Amino acid sequence: MKKKLILLLALLMVMSLFLAACGTDDEPADDDNGEAVEGENGDDEGDDEAAEGDDEEGDDQQHEIGGLLTIGVTEISGNFNPAYYSSSYDGYVVDLTFQTLMNRDIDGEWVMEAADDWEVSEDGTQITFFMNEDNYFSDGEQVTAHDVVWSYKLLSDPSYTGRYGSIADGLEGYAEYADGETEDFPGVVAEDDFTVVFTFREPLRTNIVNTTFHIMPEHYYGENMTHGDTEGVTELSSEPIGSGPYTLVDFAPEEYVYLERNENYLFEDQFLVEEILIQATEMTTEMDDLLTGTVDLLAGQINPDNIRDAEAADNIQLNEYPRSGYGYVKTNNEFGPTTEKEVRQALYYSFNLEEFVDEYFEGYASTQYHPYSQESWAVTDEWVDSIASYDFDMDRAAEILDEAGWEVGDSGYREKDGEVMTLYILTMPDHDILETLVPMWERDWGNGLNIDLNIAQQEFNSILDTVIYDSDANVEEWSMFFLATTITSYDPHGTVEASFHSRNIGSGQNNTSRYSNPELDEMMDDAERIMDQDEAIPVYQEIGEILTEDAAFMPVYANTYFDFYDEKLVDFETHGIYNWVAAMRQARIEE
Amino acid sequence: MLTFIGKRLLQLIPTMLVISLLIFIVLDFMPGDPVQAYLGVGSEVSPARQEQIREQLGLNDPLPIQYINWLGRVATGDLGRSNTYNAEVSDVIFGFIWNSFLLNIFALIFALLIAIPVGIKSAVKKYGLFDNFFTVFSLTGVSMPTFFFALILIFVFARNIDWIPLNGMRTSIMAVRGYDSLWANIVDVGRHMLLPVTVLTMTSLATLTRYTRNSVIEVINQDYIRTARSKGLKEKVVIYKHAFRNALLPLITILGMWIPALFGGAILLETVFLWPGIGRVLLSGITGQDLSLVMATLVFYALLRVLGNLLADISYGFADPRVRVK
């Protein structure tokens, strides 16, 4: 009897533990699994209007510097070297501790930072910056044109192993310098201590943004560097010295980074929060951290449950903005039925995007039919309304396939010339989004349109192997795959060029759908030369229309991002490209 | 004894070579491309430049050459550079390993303090109320996934009790500003250790209790125990002096195996509790395809395990003169 009682008690204990677990919120995984960041270094932005170097007239009322802001992030690896970091979390620290010659404001307009003024030569190949003569690094040394030149020489060095080489590779003499043939680098020259001249091989609109790499002090990073040997620079990663608004004071890997406002920072009326603590958080408990005040800010949130919790909390403010980027399905343009435009269109018409967005994101997302960021200057409301859309229409899809000669045959599947329509779909295991998408595809494409679906599961890295790293050898292994992308530039060029220009087809390159359209290639090449943004808008809109009409790929969703923050943080404005770091320029703490 | 240890240490060399070679081969099979992972997916680094980087990192050499190069570097104490942390691998490993050690050593001490008396008591009153309760309790402890148990503790305790933190190793802002005293520092870290140490203790408790119980049961059925009892010795003396010392033997094997675990981080536990330990480092190394880091960490784990076994063998000799090797 006793024995039974004990067993019963033990059983009860186990049961209660399980029930407690069921009561906790499920963790809807972000789509991080399928993330591919395009143009992260923003090397394809551009703007022709030479904004004059006014330092952002402040409000009439002068605010004081002060307060502590704690930000929760999910990763702190500690590589804070501007030329070598690759995680976007480390990028926050780099952006806070280093300066550029100029910056974008929240409207995407250029504002001056380390430079007071700039001019573009008439032929468009030369850009000259006149730098501020009263600007100092956090260690007290002066910021000069030589530091800018040195930073670009680092990116162009033969032994450079970081990811930002493409910022410099359009400069005159890059190839010769990067091959180690010569010590001369005519692409970037200090005319005097405070004048730096960039010379590019071709007059491209996208050159401008490539002049805005972080300025690294030569006296610190360059101490142990010679042409062809950058090892000494790589080693300086956890103690950054720059001229940005903050200096790094304390750092514990995987725990926190603590920054204090840089006393030498050029602009006294900007970046008014005195201390910033970047703190490691865990996705399951980050909302608790926010609600209990352990952290003051969580950026880029998408979980509907968390959004409702934040809305319900008294002291929490929310910024809401569309993601700059999207989850997408790409189809193989070199192999199988998806090489036919009609097939791609039919698949698009029979893909119920609205249903997916409602079901998965509970309304916190939108659909779009063009390849650009919603923050891009090429995207206007009228244009978005005017372009072709693939609203869900099964009859239309079936009709298109019938007309294209794909009719249901003896096999029970659609066939053409004796060949069954088979789609090889690459998916990932344990991926929440795909777990919602795949049953929809099976229902509408499989059962609805009688297409033979061959759905394979692969790890994220294996999919990247198949469609990017080793794509040439795997062309006939897949028909479609799902990934997501984040776009960090206002200029639409990089987005379409990387993904759809035929020169970017091949192993290790980003035209993963292997889309080739010579006419479009030419349009893109020409468009990059248009220096005036307003003139370029209609050209990029036309490029977008061609891609949509061609169903070159299928953007699936652009989710709505939220920043949750404590109400003590005021004047904090963000959007899909203008992140919390950028927003710190105007934000301040009001206790 | 010394020659025995020396011999065993020499045997370690071929063992470690085979293990490291196996790890090297397996890592080469990992999907993904280290250069691409390092540059970041979708980075617009030209294929020519990527090739240059690959060449510089020695990734174009045939596998055997790469392995020999790696061995050569390790022999000179150079474990390579971690891409994820952009630091020397040895610095990364030794920067995090003591945090894992801190958790594990406390967990082990608590587990032993509880497991040994509980194990003995269960053995002495086999199938009694106490024994049955702990049998069920151990089985629950063994069967429950670490992260699941950790989450339960977080939601039940950390959420509702102010002074129990959700995660982390210390309060960042206190660490930044500097602790008022060493005591304040200890209290802060101690608070943060409470839940993870509880989880680790609970999960190791089960195994240790069962081992102690079983080996004591085995021993108290031996003839010499019966002799001791028939001599009229007190039951306490019989158990703690005669039985327990002999029952220690199998326990020492287990403890030998436990040594690597002391330094090895629990990946899931450290992730859930955001504990800056070696387990989390290994995980971020794997996701970031940081081959030097993963390789070094795995080889290090293997080495610890082999050393742990050696230590167990040696300590046998101390506990039981009969197995002392000449």
Side-chain angles (χ1 to χ4, degrees), chain A residues 2-3 6-7 10 13-14 17 20-21 24 35-41 43 68 70 75 77-79 81 84 86 159 161 163 165-166 169 234 237-238 249-250 252-256 258 277 279-282 284-285 288-289 294 459 461-462 464-465 468-469 485 494 498 506-510, chain B residues 30-33 36-47 49-50 52-53 56-57 81 83-87 92 95-96 127 129 132-133 136-137 139-140 144 148-149 151-152 154-156 158-159 162 165-170 172-173 175-176 271-274 276 280-281 284 288-289:
Chain A
K2 242 182 185 177
K3 221 188 271 177
I6 292 166
L7 278 174
M13 196 175 85
V14 176
L17 289 179
T24 66
E35 196 88 7
V37 177
E38 278 172 17
E40 171 122 71
N41 51 12
D43 57 357
L68 164 73
T70 308
E75 184 191 315
S77 45
N79 186 356
N81 187 316
Y84 293 96
S86 62
S159 67
T161 50
R163 57 176 296 184
S166 60
D169 68 8
T234 345
S237 64
S238 59
V249 177
D250 196 1
E254 304 290 359
E255 288 188 77
Y256 61 81
Y258 172 71
L277 179 64
Q279 151 99 47
T281 48
E282 219 277 315
T284 352
T285 44
D288 293 285
D289 283 326
T294 310
E459 291 298 331
N461 277 320
S462 304
L464 296 185
D465 268 347
I468 305 181
Y469 308 154
T485 182
S507 292
Q509 306 227 66
N510 285 332
Chain B
M30 235 168 46
D33 177 281
Q36 293 270 0
Y38 160 60
L39 293 172
V41 179
S43 74
E44 280 160 32
V45 176
S46 65
R49 195 84 196 186
Q50 287 179 22
Q52 210 175 324
I53 295 172
Q56 271 174 30
L57 297 177
R81 225 181 145 71
N83 297 331
T84 331
Y85 294 93
N86 196 18
V92 175
F96 287 96
Y127 304 129
L129 176 73
N132 278 340
F133 174 77
V136 176
F137 187 77
L139 286 177
T140 318
M144 192 144 52
F148 177 65
F149 187 35
L151 285 178
I152 290 170
I154 288 176
F155 286 113
V156 174
R159 261 194 172 172
D162 275 351
L166 289 165
N167 47 38
M169 188 171 75
R170 47 192 169 164
S172 306
I173 196 66
V176 164
T271 307
V272 174
F273 283 112
L274 276 182
R280 257 175 83 201
V281 169
S284 57
Q289 307 242 326

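Reckoned from all heavy atoms, side chains included, excluding hydrogens, waters and symmetry mates. Because the structure is a prediction, the values reported are computed rather than measured.
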Structural part of [X] lying under 4.5 Å from a heavy atom of chain A:
{"X": "B/Asp33", "value": "both"}
{"X": "B/Leu139", "value": "neither"}
{"X": "B/Ser172", "value": "both"}
{"X": "B/Phe273", "value": "neither"}
{"X": "B/Ala175", "value": "both"}
{"X": "B/Val281", "value": "neither"}

Does any non-hydrogen side-chain atom of B/Leu166 lie less than 4.5 Å from one of A/Asp289?
yes
For the residue pair B/Arg159 and A/Asp288, establish whether any side-chain heavy-atom pair is separated by less than 4.5 Å.
yes
Non-hydrogen atoms of A/Pro253 and B/Pro276 that approach each other most closely
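Closest approach of A/Pro253 to B/Pro276, heavy atoms only: O-CB, 4.1 Å.
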Inter-residue atom distance [X].[atom1] - [Y].[atom2], 0.5 Å rounding:
{"X": "B/Asn167", "Y": "A/Thr285", "atom1": "CG", "atom2": "OG1", "answer": "4.5 Å"}
{"X": "A/Thr234", "Y": "B/Arg81", "atom1": "OG1", "atom2": "CZ", "answer": "6.0 Å"}
{"X": "A/Glu75", "Y": "B/Arg280", "atom1": "CD", "atom2": "CZ", "answer": "9.5 Å"}

Region of A/Asn461 that comes under 4.5 Å of a non-hydrogen atom in chain B:
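Backbone plus side chain of A/Asn461, per the 4.5 Å heavy-atom cut-off to chain B.
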Answer with side chain, backbone, both or neither: which region of A/Gln509 has an atom nearer than 4.5 Å to a non-hydrogen atom of chain B?
side chain
Restricting to ring-ring contact (aromatic ring centres under 6.0 Å, His included), what partner residues turn up for A/Tyr256, sequence neighbours left out?
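Checked A/Tyr256 against ring-ring contact (aromatic ring centres under 6.0 Å, His included); zero matches.
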Taking every non-hydrogen pair under 4.5 Å, which of B/Asn83, B/Asp162, B/Ile173, B/Leu274 racks up the most with chain A?
B/Leu274
Test side chain to side chain contact (heavy atoms under 4.5 Å, CB included) applied to A/Thr70 - qualifying residues, sequence neighbours left out:
A/Leu68, A/Leu277, A/Gln279, A/Val295, A/Asp296
Do you know which of A/Thr294, A/Thr161, A/Asn79 has the most heavy-atom pairs with chain B at a distance under 4.5 angstrom?
A/Thr161
Side-chain donor-acceptor contact under 3.5 Å, A/Tyr469 with B/Gln50:
no
Using a 6.0 Å cut-off, check whether atom CD of A/Glu459 has over 12 heavy atoms from anything other than its own residue.
no
